[in-house]
Protein chains: 2
Amino acid sequence: MRKKITLKEISKRFNVSISTVSKALKDSPEISERTRKLIQEFAKEHNYKPNNIALSLKNQKTKNLGIVLPEIQHFFFSSITTGIEKCATKRGYNVIICISNETFEKEVINMEMLANGSIDGFIMALSQGTQKAGDFHHIKEVINRGMPVVMIDRVTEEVDCDKVIIDDFKGAYDAVNYLIDQGKKKIAILTMPDYMGSVGKLRTEGYKKALRDAGIEIDEKRIVKLDNFYNDFEAVEALFKESEVDAVFAVTEFFAVQAIKMAQKSGLKTPDDIAVIGFTDGIISKSSSPSLTTVSQHGEEIGYRAASLLIDRLENESDEEPPYTKEIIQTTIVKRESA
Amino acid sequence: MRKKITLKEISKRFNVSISTVSKALKDSPEISERTRKLIQEFAKEHNYKPNNIALSLKNQKTKNLGIVLPEIQHFFFSSITTGIEKCATKRGYNVIICISNETFEKEVINMEMLANGSIDGFIMALSQGTQKAGDFHHIKEVINRGMPVVMIDRVTEEVDCDKVIIDDFKGAYDAVNYLIDQGKKKIAILTMPDYMGSVGKLRTEGYKKALRDAGIEIDEKRIVKLDNFYNDFEAVEALFKESEVDAVFAVTEFFAVQAIKMAQKSGLKTPDDIAVIGFTDGIISKSSSPSLTTVSQHGEEIGYRAASLLIDRLENESDEEPPYTKEIIQTTIVKRESA
DNA sequence: TTGTAGGCGTTATCAC
DNA sequence: GTGATAACGCCTACAA
């Protein structure tokens, strides 16, 4: 079992031409029974497989999907990746993953690299940096060149392409309603800045709408905007202490768990004194104590759907492009102990 | 901004040969100042970038690293991925990630796919299925063909290649010692079956050694082997109730958190009644309450080192291959509330 | 200063 | 039934 074998080498071995070998391996009736058998056996023995790169060059397609994500350490994105990978594998595609690390620059570089022939299409979620910058030229450029892009979760209206998102607004609305149904009135939200579109803005709006619909007044001091994961939660603790809060809707798992901690510190019981509901049904939610009631985003489904859309488009033979779709994956509430 | 432009197209545009264009773009002094400028400007305008696939075919290298991991939803593996990605990007490589989903079959298929020209080398961790089967022919084959492989974390002595592992034995030893130092005597271990080499066997051995060295008798009923993540923890709870345990060394974050839950259920306080120390310093550890004292595996460092080793080998120009190395990343104990 | 030719591995078309 | 040729996009040694 030595180096990779090529058609050329096989052809030399049998003193035939390369094309004969190629045809023989494809079981072409052009080639004599005998030669075919001979070559096929030899190939199998030497474990011949056509070189992917050569095929890519010839066919002008790589069978690779380019994935550009802000990070993959948190459950939501890693489960998206899992979903993408499942669909891709099933349909004969590989997955090249690049991490933008939440920065605009790395997002651009990654996409330019990959767009250069390495992949057939993109699945991507915007980095924080890109959302902040509001600059989407790199994505538009790729699309203009005829490379399909599917945006997931963190998307923008400014780019015209297929999208798979969750209904952040409704997810938040449902979550807050759930709390209201438990008889909670003083509901706080731990959220993110507005430029974090879906996570920050939309969920906050869902929260407000739910309160309004229930005839509960919106109290701005119960809207806490946190910038990142190592933020000061003292403001939150203060709120709790002043018993200004009887429930918390947290926009991430992490915030939710922190809220529980703060409550415990303040001697408050969850869910009786302070109920907590989070977003993202990840490992944290399952393993925290009390375990978290959360809004599940079904990351794996998002990934799977996105890959499915992308591959459909790639393999669409008809000459007219189907219109862009926007799929909305419904969130569901997973009831556990915290609310 | 239309379709991707090629050397050929540029050459037509200026009525010169392809090689002239190629040289001009490389700023070769062979080409006249004027032609160079002209072509370079045109290329920049049209955002010319050489096609990666063509380069790969020509250079017989792809600048892609193939990563085969059992899963990436848990923090340890996703942080490894992050580390790999960082190093790869820095050195101009892309990362193709495939998930074996803990099965032997998918591991084999993935590696065969990638080995077919898509990548220059592998970084991989064995799936549970492969460890159970004890069949490593696919890895040996790849290596025999001259494709370098770096095994990480879940490795086997049967394959000769570069390896990056943590010192599971010592990590466990240290963890248990830490508990002993706190005056704990009845220390249980929540572990995995022996075929899970590093996670199961080695850590259990470290546990035993620590007890032995401290002159504490090993009590088999305190060694609980759990098969997977949705196991019955009743056995554990029973142990707690019979007050046969005053500390737990858990071989995963998840087990650790479950142990805390069981303790709480039994009305025992952590860390006073039952101290708990886990393995893997992930998100769960940080956010659980009480937060977990854990053995940090430094996944990102493992990934970074592995990628570094692999790329070094790929770019090693000298004709003799350097000997295989086995890097051992030291674990450290991250002290928090649970012990 | 510019161009030609060959090659990377494969396949498809067409010729013998 | 088999083989030569061109093409995918790029690079480079060698002509002209």
Side-chain angles (χ1 to χ4, degrees), chain A residues 3-40 42-43 46-64 113-120 145-147, chain B residues 3-40 42-43 46-64 113-120 145-147:
Chain A
K3 266 218 138 358
K4 271 234 76 177
I5 198 167
T6 68
L7 288 186
K8 199 193 212 172
E9 281 149 19
I10 303 184
S11 76
K12 264 190 215 145
R13 169 74 178 67
F14 289 100
N15 267 314
V16 293
S17 75
I18 295 181
S19 39
T20 304
V21 177
S22 175
K23 285 173 191 163
L25 290 177
K26 296 207 122 60
D27 232 358
S28 156
E30 281 183 48
I31 307 296
S32 74
E33 184 76 26
R34 219 180 65 83
T35 322
R36 254 188 288 165
K37 282 276 163 299
L38 227 54
I39 293 182
Q40 286 176 9
F42 184 82
H46 288 256
N47 197 17
Y48 169 82
K49 297 265 173 49
N51 179 310
N52 285 331
I53 295 291
L55 287 181
S56 297
L57 187 59
K58 180 119 199 41
N59 302 330
Q60 299 290 75
K61 58 177 90 163
T62 61
K63 292 272 184 173
N64 288 155
M113 287 227 59
L114 293 181
N116 254 4
S118 302
I119 58 159
D120 298 337
R145 289 176 172 213
M147 181 164 288
Chain B
K3 266 218 135 1
K4 274 234 73 178
I5 197 168
T6 67
L7 287 187
K8 200 193 210 171
E9 281 148 19
I10 303 185
S11 75
K12 263 189 216 147
R13 169 74 176 67
F14 289 100
N15 267 315
V16 293
S17 77
I18 295 181
S19 50
T20 304
V21 178
S22 175
K23 285 173 192 163
L25 290 177
K26 295 204 122 61
D27 232 358
S28 155
E30 282 183 44
I31 308 295
S32 74
E33 184 76 27
R34 218 179 66 82
T35 323
R36 255 188 287 166
K37 282 277 163 297
L38 228 54
I39 293 180
Q40 285 175 8
F42 184 82
H46 288 257
N47 196 17
Y48 170 81
K49 297 265 171 50
N51 179 309
N52 285 330
I53 295 291
L55 286 182
S56 298
L57 189 57
K58 176 115 197 50
N59 303 330
Q60 298 291 74
K61 58 177 90 164
T62 62
K63 292 270 185 177
N64 288 155
M113 287 227 59
L114 293 182
N116 256 1
S118 302
I119 59 158
D120 297 338
R145 287 173 173 218
M147 181 164 288

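To find a chain, count down the sequence lines: A is the first, B the second, and so on, and within it residues start at 1. Remember, it's a predicted structure, so these values are computed and weren't measured experimentally.
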J.: Considering heavy-atom distances to DNA chain C, does B:Ser28 or A:Leu57 have its closest nucleotide positioned more toward the 5' end?
T.: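 Taking each residue's closest nucleotide, the earlier one in sequence belongs to B:Ser28.
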J.: Check whether any side-chain heavy atom of B:Phe14 sits under 4.5 Å from a side-chain heavy atom of B:Val21, and report yes or no.
T.: no
J.: Rounded to the nearest angstrom, tell me the gap between atom CG in B:Asn59 and atom C1' in D:dG9.
T.: 12 Å
J.: Examine distances only and state if a side-chain atom of A:Asn59 and a backbone atom of A:Lys61 form a donor-acceptor pair shorter than 3.5 Å.
T.: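 A pair under 3.5 Å: no.
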J.: Kindly say if A:Thr20 contacts the phosphate of D:dG1, meaning a side-chain N or O under 4.0 Å from OP1 or OP2.
T.: no
J.: Base, sugar-phosphate, or nothing for A:Ile31, non-hydrogen atoms under 4.0 angstrom?
T.: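 A:Ile31: base contact, heavy atoms under 4.0 Å.
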J.: Looking at B:Leu7, B:Ile31, B:Thr20, which one forms a side chain to side chain contact (heavy atoms under 4.5 Å, CB included) with B:Leu25?
T.: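 Of all the options given, the one that passes is B:Leu7.
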J.: Taking atom C1' of D:dG3 as reference, at what distance in whole Å does atom NZ of A:Lys26 sit?
T.: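 Roughly 17 Å, once rounded to whole Å.
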J.: Where the side chain of A:Glu9 meets the backbone of A:Thr6, is there a donor-acceptor pair that is under 3.5 Å apart?
T.: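 Present.
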J.: Mind checking the OG-NZ spacing from B:Ser19 to B:Lys26? Nearest 0.5 Å is all I need.
T.: 12.5 Å
J.: Taking atom OG of B:Ser32 and atom CG of B:Leu38, what is their separation to the nearest 0.5 Å?
T.: 9.0 Å
J.: Taking any heavy-atom pair under 4.0 Å as a contact, classify A:Gln60: base, sugar-phosphate, or nothing.
T.: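 Contact class for A:Gln60: sugar-phosphate only.
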J.: Taking A:Lys4 for the side chain and A:Lys49 for the main chain, is one N or O donor matched with an acceptor at less than 3.5 Å?
T.: yes
J.: Check the interface with nucleotides 5-7 of chain D: list each N/O to N/O pair with the protein under 3.5 Å, or write none.
T.:
none

J.: With nearest nucleotide decided by heavy atoms, which residue, B:Thr35 or A:Leu7, maps closer to the 5′ end of DNA chain C?
T.: B:Thr35
J.: Extract, from 5' to 3' on DNA chain C, the first and final nucleotides lying under 4.0 angstrom from some heavy atom of chain A.
T.: C:dC8 to C:dC14
J.: Of B:Asn51, B:Asn52, B:Thr62, which is the lone residue that meets side-chain hydrogen bond (donor to acceptor under 3.5 Å, both in side chains) with A:Ser118?
T.: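 For A:Ser118, the side-chain hydrogen bond (donor to acceptor under 3.5 Å, both in side chains) check succeeds only for B:Asn52.
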J.: Report yes if at least one side-chain N or O of B:Lys23 is closer than 4.0 Å to OP1 or OP2 of D:dT12; otherwise report no.
T.: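 No, because none of the side-chain N or O atoms of B:Lys23 sits under 4.0 Å from OP1 or OP2 of D:dT12.
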J.: If we fit an axis to the first five pairs and another to the last five of the helix from C:dT1-D:dA16 to C:dC16-D:dG1, what angle do they make, to the nearest 10°?
T.: 70°
J.: So which one's nearest nucleotide on DNA chain D is more toward 5', B:Thr6 or B:Glu30?
T.: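 The residue mapped nearer the 5' terminus is B:Thr6.
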J.: A:Leu55 has an atom CG; how far is it from atom C1' of D:dG9, in whole Å?
T.: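 The distance from CG of A:Leu55 to C1' of D:dG9 comes to 15 Å, rounded to the nearest Å.
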J.: When all nucleic acid strands are considered with a 4.0 Å heavy-atom cut-off, which category describes A:Ile18: base, sugar-phosphate, or nothing?
T.: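 Base contact - A:Ile18 has a heavy atom under 4.0 Å of at least one base atom.
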J.: By the 4.0 Å heavy-atom rule, please label B:Ser22 as base, sugar-phosphate, or nothing.
T.: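 If one applies the 4.0 Å heavy-atom cut-off, B:Ser22 turns out to touch a base.
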J.: At under 4.0 Å between heavy atoms, what does A:Tyr48 touch on the DNA or RNA strands: base, sugar-phosphate, or nothing?
T.: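 The answer is sugar-phosphate, as A:Tyr48 gets under 4.0 Å only of primed atoms, P, OP1 or OP2.
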J.: Between A:Ser11 (side chain) and A:Lys8 (backbone), is there a donor-acceptor pair under 3.5 Å?
T.: yes
J.: In Å, rounded to the nearest 0.5 Å, how long is the span from CD of A:Glu30 to CZ of A:Arg36?
T.: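 It is 10.0 Å, given to the nearest 0.5 Å.
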J.: List the steps, then state whether side-chain contact (heavy atoms from CB on, under 4.5 Å) holds for B:Arg145 with A:Asn47.
T.: CA-CA 11 Å; B:Arg145 287 173 173 218; A:Asn47 197 17; 3.1 Å; yes
J.: Can you tell if the side chain of A:Ile39 reaches within under 4.5 Å of the side chain of A:Ile10, non-hydrogen atoms only?
T.: yes
J.: In whole angstroms, how far is the P atom of D:dT2 from the CG atom of A:Leu25?
T.: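 Roughly 13 Å, once rounded to whole Å.
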J.: Under 4.0 Å, heavy atoms only, any strand: does B:Ser56 hit a base, just the sugar-phosphate, or nothing?
T.: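 Contact class for B:Ser56: none.
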